[in-house]
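Accompanying notes for the structure given below.
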Amino acid sequence: MINITFPDGSVREFEPGITPIEIAKNISHGLAKKVLVAEINNELHELSTPITTNSSLKLLTWDDKNGKSAFWHSSAHILAEAVQALYPNAKFTIGPSVENGFYYDIDFGETSFTSDDLPKVENKMLDLAKQSNPFKLYAISKADALDYYKKKDNQYKVELIENLTDGDITFCDQGSFTDLCRGGHIPDTGYVKAVKLLNVAGAYWRGDEKNKQLTRIYGVSFPKKEELDQYLFMLEEAKKRDHRKLGQELGLFAFSQKVGKGLPLWLPKGTDLRERLERFMRDAQKKAGYLQVVTPHIGSKQLYITSGHWDKYGKDSFQPIHTPEEDEIFMLKPMNCPHHCEIYKAEPRSYKDLPLRLAEFGTVYRYEQSGELHGLTRVRGFTQDDAHIFCRPDQVKEEFMKVIDLVLYVFKSLNFENFTAQVSLRDKVNREKYIGSEENWDKAEQQIQEAAKEKGLPTIIEYGEAAFYGPKLDFMVRDALNRSWQLGTIQVDYNLPERFELEYTGSDNQKHRPVMIHRAPFGSLERFIAVLTEHCAGDFPLWLTPTQVAVLPISEKFNDYSQKVVDFLKNAEIRTSFDERAEKIGKKIRESEMQKTPFMLIIGEKESSENLVSVRERGKGDVGTMGLEDFKNLVDQRIKENFNQ
RNA sequence: GCCGGUGUAGCUCAGCUGGUAGAGCAGCUGAUUUGUAAUCAGCAGGUCGCGGGUUCGAAUCCCCUCGCCGGCUCCA
């Protein structure tokens, strides 16, 4: 007999060779129907895999992350089978599951495949699913595997197999389709009840832009039709939160083809919101000991030769600006750090001056690839809430922790809860692409991780994601469509102090080199506002929103009293709009609702004769009448609630 | 930058296989004076993204180019 250990720690005995599906049946009929795949000793296996030794076993269903992965991965096989049936010459490469579905990268050769072709593939997939063909995993020798794909003239699979070890290679059959695959499938295709192919896209073989571009088909599948409907509904809802749509509807920003792509134009309301955010950050930074500075939008070529950016990015940047006379060359500034280094150098520094924290809302320009531009999240001209902290090596960790506090304060004030912290370290192998000493890197990487840990941040570590000059800690937040964006960033830099020969006099009266920390809690105002907009679906917090109150007279007869209300509110520094048109109240309310105005004051006969306002609050509806002072107090109280929660 | 899609009035969109453009909303004018998500009527508004070609004739077909959208690659 063998011992099987379950996730709850319980252990049961079974005959050697028993399969997970038999164990599931043994536990309950319901479970046996629901279970999709098994995790045996922490590895995904088919339910038909015999277990011969003492093992741990987790029976995974649709409710488990890995259960979904197996389901979607298996769906990718069905996608391939459908494509093979319709396009016999298509060559298959890889087809994994992803966070929300699956894809398959396919070389269609000369045939063009477009989104118009998706429905017929989708239908074929459903046909194949209905056949309930079992997924059969079996071992194959490297020679036979290579032979199989060489006959099919599939250089991609051949390349994959060549990198595998003989003895570890498995194929998986379902219906008439065979694929190289390491396993972890659902029992048969019949489990897939609903399929939606979402889009086609180009993707480079092995993610390298020098390689051939393949056609990637994205899809998602479900064990129940209703779940697909729900998912599609959710996607529609998410689109309504898109900051590009809301930005236009709420009059926050615009783009102009004439001005140029990736160059946002801030409209009055957007500017209002943006300036308020700036003020918020400026105040927080003042308390945290930052000093505000201002630097020009351009800098001489020499500045960037010193910083090293000229060599590394010169060719891929906006091209230099030449003056009419002499050989003067300037560049649009792609970052603020070199300027700040020169501010550091403007006077001699003592160890007593450190840390020196220089902050600037610095507008920078970067030549981003055209295909990368995306609303406000990826633009060519943007403003960072930048600051550089120059400190002694022994202050790095403490400064780092203070910045984490600041970022968390910002996130809390704006009700961001779903963020992750990503620690980006060097690539474990290719060390030559990083500058700076091994010792400094090790020290910095360690300090970042310690600081994050002590602050209790939920972190993920990514190797190879560090900047070339130092490791970093990024705060990642998702947009409406679940795409992940980097917002706040904290980066250690041992490079620029070296290149700019920054120094301070220590207590030993010797010259020492400071460490530089780059940090931007918002990241950029553009991206931050984009993600914030999607996060709150345009319902900005009361303290931040451009228009806090709309005053809506029921008829023009009450415009005079309404004007008094408006004056009172403006005097109380409450941002107020006044709709004095001769429209019906229903229409005025509707339009204010669509503008997501937090408060509306409805003014009619009763209000004007009794010096009252009738209050309609966002999300609550009519909350009754009150005097002006009481209303002002209500607004103040709501603002406080946001910060105290 | 690459693959695919797309581009008609300020906005959202219609316009079949080629016969020189239409709706709703917004705007303007007038009427209406209204009680918690759209009052009515009239008017005005477009070199159909730009440039070229095919054709007797192009929003529609072809080529080029620009913007936008979905991915890929990139992101100091």
Side-chain angles (χ1 to χ4, degrees), chain A residues 103 105 108 112-118 198-218 239 242 244-245 248-249 254-262 304 307-314 316-317 333-338 364 366-375 377-380 384 465 467-470 472 474 481 483 485-486 489 491 493 495-496 518 523-524 527 552-559 581-595 600-607 614-617 620-625:
Chain A
Y103 67 79
D105 282 350
F108 281 94
S112 79
F113 185 91
T114 72
S115 48
D116 293 341
D117 301 314
L118 291 177
L198 298 161
N199 51 41
V200 291
Y204 300 103
W205 167 237
R206 304 211 131 178
D208 187 334
E209 66 180 322
K210 290 182 200 80
N211 286 340
K212 184 176 163 88
Q213 192 154 33
L214 308 165
T215 302
R216 174 171 297 181
I217 303 177
Y218 278 96
K239 279 186 192 153
D242 191 312
R244 293 165 296 188
K245 182 174 152 66
Q248 181 191 59
E249 287 170 1
F255 286 92
S256 145
Q257 195 171 334
K258 267 210 182 87
V259 171
K261 60 185 164 190
Y304 298 104
S307 72
H309 293 107
W310 177 267
D311 273 349
K312 195 159 172 77
Y313 296 103
D316 306 318
S317 301
K333 75 175 172 189
M335 80 296 292
N336 306 298
C337 358
V364 297
R366 298 180 186 178
Y367 181 76
E368 304 288 3
Q369 291 186 18
S370 60
E372 258 313 316
L373 300 174
H374 181 97
T377 49
R378 194 77 185 272
V379 288
R380 283 179 167 176
Q384 299 176 305
E465 288 291 307
F468 72 93
Y469 51 78
K472 56 181 183 168
D474 294 325
L481 291 175
R483 289 174 291 215
W485 293 96
Q486 175 204 312
T489 181
Q491 313 182 358
D493 189 344
N495 175 47
L496 285 181
H518 309 249
S524 77
R527 183 176 290 179
L552 313 177
I554 282 171
S555 92
E556 287 175 304
K557 284 191 288 195
F558 313 113
N559 278 7
R581 296 173 305 167
E583 293 290 349
K584 290 180 80 166
I585 192 67
K587 179 165 186 162
K588 293 184 180 183
I589 287 170
R590 178 183 156 79
E591 289 181 5
S592 282
E593 283 287 346
M594 290 197 304
Q595 285 297 306
M600 290 172 220
L601 300 183
I602 286 86
I603 312 282
E605 181 65 49
K606 182 165 177 278
E607 290 77 13
S614 179
V615 181
R616 183 183 162 106
E617 186 171 357
K620 293 193 173 149
D622 191 349
V623 295
T625 55

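All chains are named by letter (A, B, ...) in the order of the sequence lines, taking the proteins before the strands, and each is independently numbered beginning at 1.
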#### Entry: Spacing of A:Glu465 atom CD relative to B:C75 atom C1', expressed in whole Å
10 Å
### Nearest-nucleotide 5' precedence on RNA chain B, A:Glu209 against A:Ile589
A:Ile589
### Check ion pair A:Glu591-A:Arg581 (N to O, under 4.0 angstrom)
yes
### Query
A:Tyr218 OH to B:C69 C1': how many Å, rounded?
15 Å
### Message
With nearest nucleotide decided by heavy atoms, which residue, A:Gly260 or A:Thr114, maps closer to the 5′ end of RNA chain B?
### Response
A:Thr114
### Task
Return the nucleotide paired to B:C40: Watson-Crick means purine N1 to pyrimidine N3 with N6-O4 or O6-N4, wobble means G-U with N1-O2 and O6-N3, both under 3.5 Å.
B:G30
### Nucleotide opposite B:C68 in a Watson-Crick or G-U pair, distances under 3.5 Å
B:G5
### Task
Return the value, rounded to whole Å, for the distance between atom CZ of A:Phe113 and atom P of B:G70.
20 Å
### Query
Any idea which of B:G1, B:G35, B:U36 is nearest the A:Lys606 side chain?
B:G35
### Message
Could you tell me how far B:G67 sits from B:A21 if I compare only their P atoms? Round to whole Å.
### Response
30 Å
### Query
Taking CE from A:Met600 and C1' from B:G35, how many angstroms apart are they, rounded to a whole number?
14 Å
### Task
Sort out the partner of B:G18 for me: Watson-Crick or G-U wobble, both distances under 3.5 Å, none otherwise.
none
### Message
Looking at the base of B:C75, is there any donor atom on it, or on the side chain of A:Arg378, that sits under 3.5 Å from an acceptor on the other one?
### Response
yes
### Task
Provide, to the nearest angstrom, the distance between the NZ atom belonging to A:Lys557 and the P atom belonging to B:G35.
10 Å
Contacts under 3.5 Å, N or O only, protein and nucleotides 26-31 of chain B:
unit_1 : atom_1 : unit_2   : atom_2 : d
B:A26  : OP1    : A:Lys587 : NZ     : 2.7

### Query
Is there a Watson-Crick or G-U wobble partner for B:G24 with both distances under 3.5 Å, and if so, which one is it?
B:C11
### Message
Rounding to an integer number of Å, can you tell me how far A:Arg616 CZ sits from B:U36 P?
### Response
10 Å
Interface polar pairs with nucleotides 60-65 of chain B, N/O, under 3.5 angstrom:
none

#### Entry: Pi-cation contact, A:Phe255 with A:Lys261 (under 6.0 Å, within 45°)
no
#### Entry: Atom-to-atom span, NZ of A:Lys588 to C1' of B:G35 - whole angstrom
12 Å
